[in-house]
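Below is one structure, written out as structure tokens; comments come after it.
Order of the sequence lines sets the chain letters (A, B, ...), proteins ahead of strands, with each chain counted from 1.
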2 protein chains.
Amino acid sequence: MTGDTPHNLMIRKLGRIFHLCEEERQALQDLPMQVAVVKADHDIVSIGDRPHQCCMVLQGFTCVYKLSYQGRRQIMALHVPGDIPDLQSLHLKVMDVSIASITPCTVGFIQHEDMRRLCDRYPRLTAAFWRETLVDASIFREWLLSVGQRDAYARMAHLLCELLIRLKAVGLVEEGNTFDLPITQSEMADAVGISAVHVSRTFQALRANGLVETEKMKITIPDWDKLKQAGEFDPLYLHLDEGIAA
Amino acid sequence: MTGDTPHNLMIRKLGRIFHLCEEERQALQDLPMQVAVVKADHDIVSIGDRPHQCCMVLQGFTCVYKLSYQGRRQIMALHVPGDIPDLQSLHLKVMDVSIASITPCTVGFIQHEDMRRLCDRYPRLTAAFWRETLVDASIFREWLLSVGQRDAYARMAHLLCELLIRLKAVGLVEEGNTFDLPITQSEMADAVGISAVHVSRTFQALRANGLVETEKMKITIPDWDKLKQAGEFDPLYLHLDEGIAA
DNA sequence: CGGATGTTTGAGACCTATCAACACCAGTGG
DNA sequence: CCACTGGTGTTGATAGGTCTCAAACATCCG
């Protein structure tokens, strides 16, 4: 589960895309990473910053968000262990979003300098990291479709589908499609673009229809097919289980 | 303006990020590109495809879109000459969106193979292309903020701001902040996530407030500051005028 | 000139926001 | 141990932005 070392988390993730040779594996293993603990609800990087490092989520959940001038928050992505939310900063000097912890987190910082050295030496790793940012972009697009064209019910169902799949991929889902979702309804509201009150009502509808069960911060999906259908969920956009183009 | 060769369009665009050396410039110049003409409203690449080439827009406008199961369309990006809408396909085998012309277009196809050869040889070009995809992602995020948190009026103002800036960057804006926007209100509706009739009404409001003037398919922005304010527009997310991290 | 396409208008319905009150829980500190 | 507190979730009532449908209107083009 999360009893994994930071580097193994990364190696396992990149290794799903194509077979890493021993040298690449070792290079990743040697990548200097500074581990830090972050309290819940704290910015890890802020919009306007010019970071000289990337951060990988090791434990906990983080989100990418932005505020409108009226102070309304849109959460644009949720990140789970193994993700690198600000990989973009490697090539975009100034942050155009903020990244915050939503639970207490441990994160690993990797200096851009080290990252660049790694990429220079191993072009296949460059491609793999590039690909990671492309998958992130694909998820943004799917969220855009959700927020633009689906109603609240479908949006929430869709988000839950996505989280189940992504958490499964990092071994954070228990038997019976149950997983921890330490997220406030108000945060979920900011993610799907509806009000917190309406999240509450929509959750009730989902529960009433037997698509979701909730207990504290634990979610279970009793009927995966029904939830998928309600959320119009097609995992294509997550680009799992396909090799990188040779 | 667009009396430019395909390769110069590309060189000028990448050259804005960092100084291309003569060798890089020549390599780009030598990149094989197959030019094609596309009728309006035709898919150039479709969701589910496994392309072996990228396409660069040379003339006209294209869009990236996706359909919900109810057949509602969300346009996720508009692309103008110089853009490479499906650069992602270089590393993501299967298309998760469709790309269509919205006007008659000429596009240039570049084989992945050639692209990869170029990137292998010139790591700085790899970085530059990677960066292009990151800017695309940043635009997705800003659109997500718009669709999720701003009302119809602000969304449309924001989109017009973005188009003005991006078209200016490729020399497609005339004196007096006037530019061609050969886009149907129904297409604009799909881009900002509201209905076509509401686009009509919102356009009227924008005109009434003196933020926009329209004539045929030509848009002019009489008061840039007011439009920017109405759209909460901050060009940071476009990542213009900043060098790539060295 | 006819027909197709795009835009505008009006009216009513619908989804979702907002506001306020309340219940619940977990800490906290006296 | 118990009031107190702040954060979270729920509920009800009302308001408001946007949708839908339909029809009229404008524009373009062969």
Between the side chains of [X] and [Y], is a donor N or O closer than 3.5 angstrom to an acceptor N or O?
X      : Y      : answer
A:S68  : B:R150 : no
B:Q70  : A:E232 : yes
B:Y69  : A:Q229 : no
B:T133 : B:D136 : no
A:N209 : A:K226 : no

Provide, to the nearest angstrom, the distance between the [atom1] atom belonging to [X] and the [atom2] atom belonging to [N].
X      : N      : atom1 : atom2 : value
A:Q149 : D:dC19 : CD    : C1'   : 12 Å
A:I194 : D:dT10 : CD1   : C1'   : 15 Å
B:I102 : C:dG6  : CD1   : C1'   : 14 Å
B:I183 : C:dT7  : CD1   : C1'   : 16 Å
B:E215 : C:dT7  : CD    : P     : 15 Å
A:H198 : D:dG16 : NE2   : C1'   : 14 Å
B:M156 : D:dT18 : CE    : P     : 12 Å
B:M188 : C:dT8  : CE    : P     : 12 Å

[N], OP1 or OP2 - any side-chain N/O from [X] closer than 4.0 Å?
X      : N      : value
B:K216 : D:dC28 : yes
A:S200 : D:dG9  : no
B:Q204 : C:dT9  : yes
B:R207 : C:dT8  : yes

Any N or O donor-acceptor pair linking the side chain of A:R201 to the base of D:dG9 at under 3.5 Å?
no

Under 4.0 angstrom, heavy atoms only, what part of the nucleic acid is [X] near: base, sugar-phosphate, or nothing?
X      : value
A:S195 : base
A:A196 : nothing
B:V199 : nothing
B:R72  : sugar-phosphate

Between A:Q185 and B:R150, whichever has its closest DNA chain D nucleotide further toward 5' is A:Q185

